[in-house]
Amino acid sequence: TQSTWEYNRACLITLCMATTDPSFRAEWEKVRDNNDAQNWVLLGFDDKKKVVVAGKGEGGRAEMVPLLEDNKVFFGAFKVRAVDERGGVTSDRSKFIFIQWIGENVGAMAKGRVAMQRPEFETIFQGAHLHLQLSDPTDLDEETLIGKLNASTGAHKPAAYEF
């Protein structure tokens, strides 16, 4: 029989191969590209535990949040615009928020696997300014995110964030 260590190693190798699919990185690059309207992407797992694009779009955080089910695990990211006006000059910078979603009704074994999976997904979503682990959709409300974004910036805070 296969030991727990061998099983976990096999699962990790399978996940590493699954997350190297170049289409996942391509979807992330669309989000990062200011000339592309796509501003979010969400990766999840199909019934066979294969990594798939669970959603993507141009409607930002508001379009992505309803897809976060309480019995599933997702990894994804979305774009936020940091807008500032000073001395007649408008500055518009993109900020990217990476999320690891672990629904409240995800089983114990799946929750355990997520700890091993996060580093693999973070390699896909390189360049995110903020990394969040969530299980409650209210953690993605604008006020909460603005507080987290401001806490992660330096001394200069933008005048507004556009979601």
Side-chain angles (χ1 to χ4, degrees), residues 1-33 38-82 94-153 161 163:
T1 63
Q2 192 177 39
S3 72
T4 302
W5 180 87
E6 290 170 323
Y7 174 78
N8 287 338
R9 182 174 180 272
C11 288
L12 188 56
I13 290 169
T14 301
L15 176 68
C16 290
M17 292 181 342
T19 57
T20 58
D21 181 333
S23 68
F24 302 143
R25 173 72 71 150
E27 293 299 335
W28 170 235
E29 290 305 322
K30 289 179 188 176
V31 172
R32 291 180 46 90
D33 183 351
Q38 182 175 326
N39 58 14
W40 67 274
V41 62
L42 194 62
L43 303 180
F45 300 90
D46 68 9
D47 293 339
K48 297 178 183 169
K49 297 183 179 142
K50 180 182 175 200
V51 180
V52 296
V53 175
K56 59 185 178 177
E58 300 174 5
R61 175 194 57 87
E63 185 178 41
M64 184 186 74
V65 169
L67 299 177
L68 302 174
E69 299 177 45
D70 68 354
N71 63 341
K72 294 196 176 176
V73 172
F74 294 103
F75 295 87
F78 58 96
K79 183 187 309 187
V80 176
R81 293 178 51 232
S94 295
K95 300 289 183 184
F96 304 97
I97 300 176
F98 166 80
I99 67 160
Q100 173 188 8
W101 174 264
I102 305 169
E104 292 178 352
N105 293 323
V106 169
M109 292 293 287
K111 285 181 181 177
R113 281 192 302 272
V114 170
M116 292 189 322
Q117 296 168 335
R118 182 176 176 147
E120 292 302 318
F121 285 94
E122 286 179 329
T123 63
I124 295 170
F125 296 103
Q126 288 180 356
H129 297 93
L130 189 60
H131 294 231
L132 302 174
Q133 181 176 334
L134 311 162
S135 61
D136 182 350
T138 61
D139 291 336
L140 286 168
D141 67 36
E142 287 186 21
E143 189 174 314
T144 301
L145 291 173
I146 289 169
K148 290 180 184 292
L149 284 164
N150 282 337
S152 72
T153 63
Y161 291 99
F163 293 88

Interatomic spacing from [atom1] in [X] to [atom2] in [Y] - rounded to 0.5 Å:
X	Y	atom1	atom2	value
Asp33	Lys30	CG	NZ	10.5 Å
Ile124	Leu43	CD1	CG	5.5 Å
Glu142	Leu149	CD	CG	11.0 Å
Arg113	Lys49	CZ	NZ	4.5 Å
Ile97	Met64	CD1	CE	8.5 Å
Ile99	Leu68	CD1	CG	5.0 Å

Tell me, with the steps shown, if Leu145 and Tyr161 meet side chain to side chain contact (heavy atoms under 4.5 Å, CB included). CA-CA 9 Å; Leu145 291 173; Tyr161 291 99; over 6 Å; no

Can you name the nearest heavy-atom pair linking Ala54 to Gly44, along with the distance? CB-N, 3.9 Å

Would you sort out whether Val53 and Leu42 count as a side chain to side chain contact (heavy atoms under 4.5 Å, CB included), showing the intermediate values? CA-CA 6 Å; Val53 175; Leu42 194 62; over 6 Å; no

Hey, does the side chain of [X] reach the backbone of [Y] with a donor-acceptor pair shorter than 3.5 angstrom?
X	Y	answer
Glu104	Asp136	no
Asp70	Asn105	no
Asn39	Glu58	yes
Arg61	Phe78	no
Trp101	Glu69	yes
Arg32	Phe125	no
Lys79	Val31	yes

Residues Trp40, Glu63; criterion side chain to side chain contact (heavy atoms under 4.5 Å, CB included); working and verdict: CA-CA 9 Å; Trp40 67 274; Glu63 185 178 41; 2.6 Å; yes

Side chains of [X] and [Y]: closer than 4.5 Å at any heavy-atom pair?
X	Y	result
Gln117	Val114	yes
Leu134	Phe74	no
Thr144	Thr138	no
Lys111	Ile102	yes

Looking only at side chains, do Gln38 and Glu27 share a donor and an acceptor under 3.5 Å apart?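 Yes, side-chain donor-acceptor contact under 3.5 Å.
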
For the residue pair His129 and Phe96, categorise the inter-ring angle as parallel (less than 30°), tilted (30 to 60°) or perpendicular (more than 60°). parallel

Would you find more than 12 non-hydrogen atoms of other residues, nucleotides or ligands less than 6.0 Å from Lys148 atom NZ?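 Open: at most 12 neighbouring heavy atoms sit under 6.0 Å from NZ of Lys148.
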
Of Phe24, Phe98, Phe75, Trp28, which meets ring pair (Phe, Tyr, Trp, His ring centres under 6.0 Å) against Phe121? Phe75

May I have the step-by-step check of side chain to side chain contact (heavy atoms under 4.5 Å, CB included) for Val51 and Asp21, ending in yes or no? CA-CA 9 Å; Val51 180; Asp21 181 333; over 6 Å; no

